[in-house]
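Read through the structure below, which is laid out as structure tokens, and then see the notes.
Throughout, a chain's letter reflects where its sequence line sits, starting with A, and its residues are numbered from 1.
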Amino acid sequence: MLNPEQQRAVEHVNGPLLILAGAGSGKTRVLTHRMANLVQNHNVPPNAIFAVTFTNKAAREMRERLTHLVGPVARDMWVTTFHSACLRMLRVHAGAMGYPQDFVVFDASDQLSTMKEICKAMNLDEKRFPPMGFVQAISRAKDQCLTHQDIADGKGVFMPKLAEVYELYEKRLKEARAFDFGDLIFRMVQILESKPEVAALYQNQFQFIMVDEYQDTNHAQYRLATILSKAHRNLCVVGDDDQCIYRWRGADIQNILSFESDYSDTQVVRLEQNYRSTTVILDAANAVIQHNRGRKSKKLWTEITGGAPITVHSVGNDLDEAGAVVRLVREHALEGVPYSDQAVFYRTNAQSRVLEEALRRAGVPYVIYGGTKFYERMEVKDVLAYLRLCVNPHDNVSFARAVQAPSRGIGKTTMAKLQSASMERGLSLFEAVTQLPDDAGVTGAARKRLAEFASFIAHLQSQISVLQMSEIVSYVISACGYETYLRALPPQESRDRMANVEELSGALADYAKQSHMNDQTPTLGGFLDQAALTSDIDSLDNGQGVLPLMTLHLAKGLEFPVVYMVGMEEGLLPHGSSIDSPDELEEERRLCYVGITRTQKKLHMLNAFRRRVYGNEQYNIPSRFLKDIPKELVEWKKVPVQAQPTFGGGAYGRGGAASRHANKPHWAGDDDFDQSFSPTPHVGSSRAASDLGFSQDDSDATWKIGMKVKHPQFGEGVIRRIEGKEDRTKLTVYFGPHVVKTLMVQYAQLTPVT
DNA sequence: CCGAGAAGTCTTTTT
DNA sequence: GACTTCTCGG
Ligand SMILES: Nc1ncnc2c1ncn2[C@@H]1O[C@H](COP(=O)(O)OP(=O)(O)OP(=O)(O)O)[C@@H](O)[C@H]1O
């Protein structure tokens with residue numbers, strides 16, 4: 001069941017413990033067994049156990065494994081993410097440092113809209129000072145427990161204006177009584193470090209602290225784990241430095257590397273047997289990761305010798321890639337591998353779209369993890385804004401959102417006036433409405449509408465307490481007129497959005513049901529907390545016969561018999577934004593390593609030579625990571641192009657057809673390849689061009705694909721694509737390697753060049 | 001004040 | 001392509 005080293009770790013009870021081991025060696029398994037051992041054999045009360053991970057998905061996974069081992073008492077253990085754990089503590093102890101108890105949690109878009117306001121108020125040019133950059137910088141600062149004062153003192157990375165922006169940002173959050181994601185951990189650390197009586201409470205309660213994926217913790221999380229474990233010193237951390245993939249988010253690999261010096265009396269367990277993969281997979285993974293510098297050396301071996309080779313499928317474009325995945329997934333299903341035992345990984349969420357489309361057409365059931373989150377949809381956010389206002393009327397972001405959903409005659413000017421009035425007095429927008437001075441310049445009608453809106457919110461607040469959870473959403477949307485607005489939308493859109501709103505209502509009902517099952521009283525605030533932190537509604541991942549699709553990041557910690565890694569191309573993996581930074585390249589490599597090591601039996605890797613990105617065609621060469629895998633582990637498949645040119649030919653791309661490379665892969669950094677590869681857009685396959693509905697010569701003789709045109713600004717170019725008719729004709733024109741524009745004929749002053 | 005339509009821009013990854 | 005911002009007519 002467990003090997004001797006695993007056993008040793010599981011039976012370790014008191015004192016610090018470090019488990020440093022490679023992929024698939026049973027780290028998570030040891031962690032869960034240890035928790036079970038403590039509860040079952042050492043009389044440790046379940047709520048004395050605190051186990052955290054990084055993502056919701058990982059936390060849920062661990063809870064499931066635990067429930068399997070110990071049954072329903074698993075419910076009483078704290079098995080969550082850092083963020084959820086801190087939120088739960090803050091809901092009880094935020095007041096200890098004078099923070100409001102009823103704060104809202106700001107998500108990424110709330111942060112961004114707050115920041116945009118700030119940039120406007122500070123007269124910062126959005127071009128030179130992108131609001132998103134500030135949001136990220138502030139988040140990084142909070143990851144490191146740095147206040148705006150610290151930044152002003154020159155701690156952390158320097159960024160022009162950051163200290164001022166940060167200070168104002170904090171002020172705005174305070175006015176809105178909001179905490180952002182970073183605050184959840186940072187504030188809790190502050191409280192624990194400065195309020196001994198609060199700290200003592202948790203230090204005594206949590207006799208055993210465990211951190212999975214410790215290599216991905218940031219400084220704030222390190223401080224949290226440190227202070228919580230101070231009394232009992234039973235801190236057990238588990239990780240693999242080769243799987244650190246969140247450095248971009250503040251993860252500090254030093255946390256795990258210096259654990260031994262932080263806790264000189266720590267026990268160290270190294271696990272060397274991999275129980276997950278075949279030697280083929282492990283050898284490939286090792287070959288990829290060994291190029292990184294400064295790794296902690298680890299041994300890893302498996303009893304499952306041999307195994308199926310890795311198949312690399314090189315295809316023409318992203319559509320072919322999706323087609324290949326569909327075909328392979330079905331083939332494996334026929335061999336008896338259910339869809340749920342296979343998984344597709346990609347680097348970026350955007351890649352899922354084409355896959356989704358192909359799977360849907362083929363009737364293969366699938367689930368997408370992550371991606372465009374349910375709670376980020378416009379209509380869902382609109383309704384949530386009302387709910388959030390009920391719980392915390394000072395939430396200015398929600399106020400601004402709800403006030404115009406549906407539009408009710410309160411526009412930009414009124415809001416600007418209200419905003420400045422509120423700012424002057426340090427009030428929230430909601431408060432400012434009731435105390436709006438006569439000289440604020442808000443006219444009678446607008447003033448009346450504002451008052452109506454505010455009293456509507458007050459009315460909602462009183463209704464919330466008498467309504468059932470499951471009734472709240474339908475009450476809100478009918479009372480505020482949002483439902484009428486949705487129903488007036490074009491039919492398809494109306495249906496889609498209504499369906500999402502109904503799903504939100506269902507989520508509230510589910511939450512209420514769940515709470516009752518746990519003998520807790522459901523509250524709207526409780527639901528909103530959950531909604532803020534649990535990004536996806538995937539909690540009921542039935543899994544039965546459903547193909548999972550996810551990013552490589554989300555795949556960490558999971559395993560599947562058959563794995564597909566798509567987009568194995570320079571520019572995607574490694575991602576284009578990482579290629580000129582050695583550190584980031586190493587992280588890309590680790591990401592690739594994580595992907596490979598999720599595989600139990602069979603790994604397919606796919607690369608496409610052409611791919612649509614931002615609406616334009618991009619040419620990609622195979623990933624350098626493919627090159628690092630020993631040839632004898634790989635089987636090459638050149639997938640025939642399925643007559644799907646993405647554009648109809650034209651004045652560029654003559655020369656070597658892709659088929660010339662049929663049997664000989666070419667690699668990034670391979671000179672021969674770089675020089676000889678010049679993409680050929682299947683000149684002459686005009687049949688397919690018309691299949692795709694390109695309006696060509698017949699409809700509009702003025703413009704033709706391949707025709708040369710001139711633009712006053714961009715100069716001469718070649719028409720690549722024609723859409724629409726007559727005065728709504730849109731042309732996609734290639735002006736140069738990185739200058740591809742889509743222009744309306746009607747507006748762009750294009751002239752044909754003869 | 002509001003919506004439609006055009007132009008411009010671009011998040012890589014998650015809590 | 002999708003999303004946001006900007007402009008203009010009603
Ligand atoms: N002693 C063992 N005997 C049989 N199977 C084992 C043993 N230990 C672990 N396994 C299996 O090996 C697989 C990998 O285990 P686990 O997920 O705990 O590894 P991990 O080290 O956390 O991996 P990673 O770091 O890649 O996420 C699981 O399927 C687990 O059940």
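- Residue contacts for Y246(A): at a heavy-atom cut-off of 4.0 Å it reaches the sugar-phosphate backbone alone, with no base atom in range.
- Rounded to a whole Å, the CZ atom of R408(A) is 14 Å from the C1' atom of dC2(B).
- Residues meeting the side-chain hydrogen bond (donor to acceptor under 3.5 Å, both in side chains) test with D382(A), sequence neighbours left out: R401(A), Y482(A).
- Comparing atom distances between the M132(A) side chain and each of dT12(B), dT14(B), dT11(B) picks out dT11(B) as nearest.
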I'd like a list of close polar pairs between nucleotides 3-5 of chain C and the protein, N/O only, cut-off under 3.5 Å.
| residue | atom | partner | partner atom | Å |
| --- | --- | --- | --- | --- |
| dT5(C) | OP1 | K116(A) | NZ | 3.0 |

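- Heavy atoms of T414(A) sit under 4.0 angstrom from primed sugar atoms or phosphate atoms, though from no base atom.
- Close to dT14(B), at under 4.0 Å from its OP1 or OP2, lies a side-chain N or O of T551(A).
- In this structure, CE of M568(A) is placed 19 Å from P of dT12(B), rounded to the nearest angstrom.
- Counting non-hydrogen atoms under 4.0 angstrom, I410(A) reaches the backbone sugars and phosphates but no base.
- Residue ring and nucleobase are stacked for Y614(A) and dC10(B), with a centre distance beneath 5.5 angstrom and an angle between planes beneath 30°.
- Looking at N607(A) and E569(A), their side chains never bring a donor and an acceptor atom within 3.5 Å of each other.
- An OP1 or OP2 oxygen of dT14(B) is reached within less than 4.0 angstrom by no side-chain nitrogen or oxygen of N56(A).
- For S407(A), a side-chain nitrogen or oxygen approaches OP1 or OP2 of dG3(B) to under 4.0 Å.
- Sequence order on DNA chain B of the closest nucleotides to S84(A) and G409(A) puts G409(A) first from the 5' end.
- Rounded to whole angstrom, the span from the CG atom of L591(A) across to the P atom of dT14(B) amounts to 10 Å.
- Remark: Y246(A) pairs with no residue by the side-chain hydrogen bond (donor to acceptor under 3.5 Å, both in side chains) rule, at least two apart or across chains.
- Aromatic stacking is marked for H575(A) over dT12(B), as both cut-offs hold: 5.5 Å for the centres and 30° for the planes.
- Residues E213(A) and T53(A) bring no donor and acceptor atom of their side chains to less than 3.5 Å of each other.
- Side-chain N/O atoms of T81(A) and base N/O atoms of dT15(B) include no donor-acceptor pair closer than 3.5 Å.
- dT14(B) atom P lies 18 Å from atom CG of L184(A), rounded to whole Å.
- Stacking between W248(A) and dT13(B) is shown: the ring centroid lies under 5.5 Å from the centre of the six-membered base ring, and the planes differ by under 30°.
- Here the C1' atom of nucleotide dT12(B) and the CE atom of M550(A) are 17 Å apart, to the nearest Å.
- No engagement by R247(A) is indicated, since no non-hydrogen atom pair under 4.0 Å with the nucleic acid exists.
- The P atoms of dT4(C) and dT13(B) are separated by 15 Å, rounded to the nearest whole Å.
- With sequence neighbours left out, R487(A) forms a salt bridge (Lys or Arg N to Asp or Glu O under 4.0 Å) with E483(A).
- Straight-line distance between the P atoms of dC6(C) and dT11(B): roughly 16 Å, to the nearest whole Å.
- With sequence neighbours excluded, no residue forms a side-chain hydrogen bond (donor to acceptor under 3.5 Å, both in side chains) with R63(A).
- Side chains of S407(A) and Q404(A): a donor-acceptor N/O pair is absent below 3.5 angstrom, by distance only.
- A salt bridge is defined here as a Lys NZ or Arg NE, NH1 or NH2 lying under 4.0 Å from an Asp or Glu carboxylate O, and R497(A) with E493(A) meets this definition.
- Counting to the nearest Å, the P atom of dT15(B) and the CD atom of Q136(A) are 16 Å from each other.
- Under the 3.5 Å distance criterion, with hydrogens and angles disregarded, no donor-acceptor pair is assigned to the side chains of Y485(A) and E379(A).
- Atom-to-atom, CG of D216(A) to P of dT13(B) comes out at 16 Å; the value is rounded to the nearest Å.
- Residue contacts for N349(A): at a heavy-atom cut-off of 4.0 Å it reaches the sugar-phosphate backbone alone, with no base atom in range.
- Between the side chain of N56(A) and the main chain of T81(A), no donor-acceptor pair closer than 3.5 Å is present.
- Taking 4.0 angstrom as the limit, N218(A) places none of its side-chain polar atoms (N or O) nearer than this to OP1 or OP2 of dT15(B).
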For nucleotides 7-10 of chain C, list the nitrogen or oxygen atoms of the protein found under 3.5 Å from its nitrogen or oxygen atoms, one pair per line.
none

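- Taking atom CD of residue E376(A) and atom C1' of nucleotide dT15(B), one finds them 11 Å apart after rounding to whole Å.
- Salt-bridge check for E126(A) with K120(A): failed, with every basic side-chain N at 4.0 Å or more from each acidic carboxylate O.
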